[in-house]
There are 2 protein chains.
Amino acid sequence: MTTGEIDGAAGRAPRLADVARIAGVSVSTASRALSRPEMVAAGTRERVAAAAERVGFRFHPSARALTTGRTGLLALCVPTLANPLYAPVVEGAQRAAEEIGNEILVVVGEGSAEREFGLFERLRDQVDGFIAVRPHGGERALADLRRGKPLVVVNRRMRGVSSVVFDTPGGLREIAERLTALGHRRVAYIGGPEGSWMDPMRRAALEWPLTEAGGTVVTLGPYPPTFESGMDAAGELLTTGSTAAVAYNSMTLLGLLHRLTVLGVRVPDDLSLACADDLTGVGLAHPDIMALHVPAQDAGELAVRELMAEIDARAAGHDARPRHRVIPVDLVGGDAAAPPPPRPAPPEEALA
Amino acid sequence: MTTGEIDGAAGRAPRLADVARIAGVSVSTASRALSRPEMVAAGTRERVAAAAERVGFRFHPSARALTTGRTGLLALCVPTLANPLYAPVVEGAQRAAEEIGNEILVVVGEGSAEREFGLFERLRDQVDGFIAVRPHGGERALADLRRGKPLVVVNRRMRGVSSVVFDTPGGLREIAERLTALGHRRVAYIGGPEGSWMDPMRRAALEWPLTEAGGTVVTLGPYPPTFESGMDAAGELLTTGSTAAVAYNSMTLLGLLHRLTVLGVRVPDDLSLACADDLTGVGLAHPDIMALHVPAQDAGELAVRELMAEIDARAAGHDARPRHRVIPVDLVGGDAAAPPPPRPAPPEEALA
DNA sequence: GCGGTTGCAGCAACCGATTGCAGCCATCGT
DNA sequence: ACGATGGCTGCAATCGGTTGCTGCAACCGC
């Protein structure tokens, strides 16, 4: 509760000099006792620690940054905060940074490479490194950026820059396998937004097990990842004669589910559904729907750890080789998944 | 494209000393020319500016912070990033901060007063001020916090601390007026999460015009603000004999709409719907549904401006008196709003 | 024409830490 | 017992700006 102004000129925050005076050592010794304990005799170290504790000493971040060249700030750039996928990434990163006494500076790239680089440029000497979530910049530009400051990319893989990606394709493959095992042969894929880097990957992941079983994937879209899109896609979907549909996104899935229900299509009896994330909790709420639980927090944490490793390595002279981490996703729900209906799904009258 | 290493010892970022040397003035003059132009003769000022431009000079943030005591960082604490209401607040704040060369440090309070204060404490001497969005801490504690650093509160009003709030109650009153004008007399309110500060306000705002017209508000809940909750609330709603329902939140409204549709209740013929925000776009997508468009970006921007005013005032000695800003909300949709059905809505058989 | 402003620029101290180097003392080897 | 070694500690320079104070010169009015 007290602000800790026990000794020293009251009102001012305690400085290292105050601690040193109280502990009866020089400022340099106090500095070392606190930040490089192994360089100081045990007794001294404890006296300094006690003094620091007593006055509630805390390093002045700017002063420290000035000499060490490290600010304790990590920039995290996300395309938007409106997409609920990124919220847990940010929170995970924050947690990880917090644990090691760093802070995350979140900035929003708004899906524009130009703005992204503008931000990086502006923050260049204010942060120790960058995390770019689903960056829109070109590979060259990002590699250049990395030359200046350590960089970790999330949700996109590229050579020469450390990355953290989800194994969503793996999850989709699993979904596809489940569906084919159940007997589905014609599966619709409700595509994601135009220009999505991941969209083709996802489609491909879905396609593999299906074609192997002699089935087909019908691609719909592109659609923006919204509830509305799901509703829009429903009509198109029913014309395809698919017995199952996989949505790019769980928000889209909700819209799809809504419109299908209105049209009298029963899930999963007439049509099986699945989606590539689990941000709205569909997977848990509807056991008949398959969803992929994406541990986005882990990605944030991992990215921070990876970034710190690069920062430390660079500070120590030896530039770290980029590493690529893949985070597995979990198939949730689908316990009540159903085989395809005896006859192709869409009851014609439902289209009225 | 070039990093701007034109003169000086290549590789190192240019310092003020480099600029001074090139411009042929002392470091102090260079400093003043750039940060307090009015203290320097026009000619000198231009020479310095030109030199700075030429070498791509930028102030070293930490060095500057060390002497001025201002870091250019503003902490913004939100309860969570998962709630889409806060995303635009953050983005608005970021925009505003960016314009004046500051950065926003976003932190997540996770709805815990304890964590909130822990964060504030940790960031105390790293930022110039705080913005607390929907803070959970007690009034006393927040007022204390303000004594230490400038503080602006968003989405909560309290004495002694500047605030920015939405006029959601005003919007709800408008909705209530529209409903009563259409002839509705029994309106259900799907309550928000337990412990919500705003929930009673919203209910009250709804109640006023209704009781004045001789009607009633039936309160349901509390419900967490999710799609699921809406689905859950549908059943309860139908037992109340209401002819209209207002949801705390648009996500809940979507769930409600979904379940109602499944149950065969037509909107708005059997039941009119409205909700207190517009984050999922319902208001635009369903012209028969009334929603409140909440300009959350504006709140973020306004909060930053207010905070900067307090920071500057405090730096100048005279402590600013707290100000309270109210941001109007817009009623969107509802163009196709309907009067109550001839007989109370819930077709008994729908409850089966 | 002279004392008194006024405007502009520079010197040097300072913000709060870190760190290379030097000095000190104790311990060790022989 | 004496020089060498090594572990601790302190001095002072440094990081990159800011700012109070001083000094200089041009300009003012009388």
Side-chain angles (χ1 to χ4, degrees), chain A residues 8-9 11-49 51-52 55-73 101 124-126 128 315-317, chain B residues 8-9 11-49 51-52 55-73 101 124-126 128 315-317:
Chain A
R12 294 258 293 82
R15 299 164 305 162
L16 199 50
D18 301 322
V19 174
R21 187 164 24 74
I22 294 178
V25 297
S26 75
V27 182
S28 18
T29 300
S31 169
R32 282 189 277 253
L34 295 175
S35 30
R36 293 164 60 167
E38 74 284 1
M39 291 188 66
V40 150
T44 316
R45 185 192 316 153
E46 279 161 24
R47 285 210 319 286
V48 173
V55 297
F57 171 78
R58 290 162 49 169
F59 285 106
H60 186 117
S62 311
R64 198 165 217 209
L66 183 55
T67 47
T68 61
R70 287 178 57 163
T71 60
L73 253 40
R124 184 163 37 105
D125 34 35
Q126 195 148 186
D128 297 339
Chain B
R12 294 258 293 86
R15 297 165 307 161
L16 197 49
D18 301 322
V19 174
R21 186 167 22 75
I22 295 178
V25 297
S26 74
V27 180
S28 19
T29 300
S31 170
R32 283 192 274 255
L34 294 176
S35 31
R36 293 164 57 169
E38 75 283 359
M39 291 187 67
V40 151
T44 316
R45 187 192 315 153
E46 279 162 24
R47 284 210 321 285
V48 173
V55 297
F57 171 78
R58 289 163 48 169
F59 285 107
H60 185 116
S62 311
R64 196 165 217 209
L66 183 56
T67 47
T68 60
R70 288 178 56 162
T71 60
L73 253 40
R124 187 165 32 109
D125 32 37
Q126 195 147 186
D128 297 339

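A note on names: the letters A, B, ... follow the listed sequences, proteins ahead of strands, and every chain is numbered from 1.
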### Task
Round to the nearest Å and state the distance from B:Leu34 atom CG to D:dT18 atom C1'.
12 Å

### Task
Would you kindly give the CZ-to-C1' distance between B:Arg21 and C:dG10, to the nearest whole Å?
17 Å

### Query
Between atom CD in A:Gln126 and atom P in D:dG16, what is the gap in whole Å?
16 Å

### Residue A:Thr44, side-chain atoms from C-beta onward, closest of D:dT9, D:dG16, C:dA17
D:dT9

### Query
Between B:Thr68 and D:dT18, does any side-chain N or O lie under 4.0 Å from OP1 or OP2?
no

### Task
Heavy atoms only: give me the nearest A:Ser62-B:Ala65 pair and the separation to one decimal.
OG-CB, 3.3 Å

### Message
What is the distance, to the nearest angstrom, from the CE atom on A:Met39 to the P atom on C:dT19?
### Response
9 Å

### Rounded distance in Å - CZ (A:Arg45) to P (D:dG7)
14 Å

### Query
Any side-chain heavy atom of B:Val19 within less than 4.5 Å of one from B:Pro14?
no

## Note on the structure
Heavy-atom nearest nucleotide on DNA chain C taken for B:Ser26 and for B:Leu66; more 5' hit belongs to B:Ser26

### Nearest-nucleotide pick for B:Thr67, side chain only, options being D:dT9, C:dT18, C:dC15
C:dC15

### Message
On a heavy-atom basis, which atom in A:Leu16 and which in A:Phe57 lie closest, and how many Å separate them?
### Response
N-CE1, 3.3 Å

### Task
Starting at atom CZ of B:Phe59, determine the distance to atom C1' of D:dC15, rounded to an integer number of angstrom.
16 Å

### Query
Within less than 4.0 Å of OP1 or OP2 of C:dG16, is there a side-chain N or O belonging to A:Arg12?
yes

### Query
Mind checking whether A:Val25 and A:Val40 have side chains closer than 4.5 Å, heavy atoms only?
no

#### Entry: A:Ser28 (side chain) and D:dC11 (base): donor-acceptor pair under 3.5 Å
yes

### Task
Please tell me which of the listed nucleotides, C:dT19, C:dA17, D:dT18, lies nearest to the side chain of A:Arg36?
C:dT19

### Task
Looking at every strand, decide which applies to A:Ser62 at a 4.0 Å heavy-atom threshold: base, sugar-phosphate, or nothing.
nothing

### Message
Whether B:Thr29 contacts C:dG10 is assessed here as follows: a side-chain N or O lying under 4.0 Å from the phosphate OP1 or OP2. Is that the case?
### Response
yes

### Message
What contact category does B:Arg58 fall into here, base, sugar-phosphate, or nothing, at under 4.0 angstrom with non-hydrogen atoms?
### Response
sugar-phosphate

### Task
I would like to know whether B:Val27 and B:Arg15 meet side chain to side chain contact (heavy atoms under 4.5 Å, CB included); could you show each step before the answer?
CA-CA 10 Å; B:Val27 180; B:Arg15 297 165 307 161; over 6 Å; no

### Query
When the distance from NE2 of B:His60 to C1' of D:dT18 is rounded to whole Å, what number comes out?
14 Å

### Task
For C:dT18, take OP1 and OP2 only and decide whether either is under 4.0 Å from a side-chain N or O of A:Arg64.
yes

### Query
Between A:Arg70 and C:dT18, does any side-chain N or O lie under 4.0 Å from OP1 or OP2?
no

### Message
Can you identify which nucleotide, out of C:dG10, C:dA17, C:dA9, has its nearest atom closest to the B:Val25 side chain?
### Response
C:dG10

#### Entry: Between P of C:dA17 and CZ of A:Arg15, the distance in whole Å
8 Å

### Message
To check you understand the geometry: which heavy-atom pair defines the closest contact between A:Ala23 and A:Arg47, and what is its length?
### Response
O-NE, 3.2 Å

### Task
Check every atom of D:dC11, C:dG16, D:dG17 against the side chain of A:Arg32 and return the nucleotide holding the closest atom.
D:dC11

